[in-house]
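Throughout, residue positions are numbered sequentially from 1 according to the sequence presented.
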Amino acid sequence: MATRDSNEFKYALRDIAAHAPKLSNPYDRVRCSEWARKLASLPDDNLEACKVKNEYAQFLRIQVRNNFLHGPFMSPPPETATLSPLAENLGNMMSQQIPYLPRTGPIAPMLHHGSPDGRAFVSTKQIPGGGVLCYMAVSPEGFD
């Protein structure tokens, strides 16, 4: 995991640990600690794994700071070795609540490329029905 991602994750876990005891429901406190333990145990050997791990940690952090849990944190974390991306998970939760919405599948880019010097990043994804969504980022400091 890159240093920036690692520090961001550590700060999120510290913030979660500081605010979790303030959750009014004892079951929420238990689920929060289970999720924090799960996130800390996930591998961080590639950029996508780091991204997924940090997305969940930041989402949990927001909820704990506001003294309530919802969404994926209302149940214990899955026993699998990896988690699906947060957007995919939330999309599937919405489709369970609204039966006429289709379930989302794996959200994978068609192209995912970073420049050799680490200062530019491009990702594209096909939009159903035609079209392409393109994301490009450039930084003078690099993206670690």
Side-chain angles (χ1 to χ4, degrees), residues 1-23 25 27-99 101-129 131-144:
M1 184 186 286
T3 304
R4 183 186 303 161
D5 291 328
S6 179
N7 288 338
E8 180 180 318
F9 182 74
K10 288 177 188 175
Y11 292 139
L13 281 185
R14 285 184 191 135
D15 205 22
I16 291 166
H19 288 86
K22 299 174 188 172
L23 291 168
N25 186 329
Y27 297 109
D28 285 350
R29 291 192 296 268
V30 169
R31 280 193 307 275
C32 181
S33 66
E34 288 174 343
W35 271 97
R37 196 173 305 120
K38 173 69 175 186
L39 293 173
S41 73
L42 290 176
D44 55 4
D45 52 358
N46 65 48
L47 182 62
E48 287 304 313
C50 293
K51 180 181 170 190
V52 168
K53 190 173 174 171
N54 276 334
E55 285 175 347
Y56 277 92
Q58 294 302 327
F59 194 44
L60 180 59
R61 177 186 199 181
I62 291 167
Q63 292 182 24
V64 170
R65 287 185 71 130
N66 287 294
N67 296 318
F68 72 97
L69 297 181
H70 66 91
F73 307 116
M74 290 305 294
S75 57
E79 296 293 324
T80 59
T82 60
L83 293 173
S84 61
L86 183 60
E88 182 181 334
N89 190 331
L90 294 174
N92 286 333
M93 290 180 71
M94 284 182 10
S95 69
Q96 288 174 351
Q97 298 295 319
I98 307 168
L101 286 178
R103 288 187 58 83
T104 57
I107 300 172
M110 292 176 13
L111 170 78
H112 181 78
H113 179 71
S115 66
D117 64 359
R119 295 181 180 195
F121 173 81
V122 173
S123 181
T124 62
K125 180 170 175 53
Q126 185 175 5
I127 298 172
V132 174
L133 174 67
C134 180
Y135 171 78
M136 180 175 160
V138 179
S139 170
E141 300 165 3
F143 293 105
D144 292 333

Exam field: side chain [X] to backbone [Y], donor-acceptor pair closer than 3.5 Å:
| X | Y | value |
| --- | --- | --- |
| Arg29 | Ala20 | no |
| Trp35 | Ser75 | yes |
| Lys53 | Leu42 | yes |
| Asn66 | Phe68 | no |
| Lys22 | Asn67 | no |

What are the two closest heavy atoms between [X] and [Y], and how far apart are they?
| X | Y | result |
| --- | --- | --- |
| His70 | Met74 | CA-CG, 3.4 Å |
| Arg31 | Phe73 | NE-O, 3.1 Å |
| Val52 | Ser84 | CG1-O, 4.0 Å |
| Leu60 | Ala36 | CD2-N, 4.4 Å |
| Asp28 | Leu69 | O-CD1, 3.4 Å |
| Ile16 | Ala57 | CD1-O, 3.7 Å |

Does any part of the side chain of Pro77, heavy atoms only, come nearer than 4.5 Å to the side chain of Tyr56, both counted from C-beta? no
Is there a side-chain contact between Glu55 and Lys51, using heavy atoms and a 4.5 Å cut-off?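 Glu55 reaches Lys51 side chain to side chain.
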Counting only heavy atoms not in Tyr11, do more than 12 fall under 6.0 Å of its OH?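 For Tyr11, atom OH is not crowded (no more than 12 foreign heavy atoms under 6.0 Å).
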Spatial distance of atom CG (Leu13) from atom CZ (Arg37) [nearest 0.5 Å]: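 Atom-to-atom, Leu13:CG and Arg37:CZ are 11.5 Å apart.
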Let's go through Glu8 and Gln58 carefully: what are the C-alpha distance in whole Å and the side-chain angles of both, what is the deciding distance for side chain to side chain contact (heavy atoms under 4.5 Å, CB included) to 0.1 Å, and is it a yes or a no? CA-CA 9 Å; Glu8 180 180 318; Gln58 294 302 327; 3.5 Å; yes
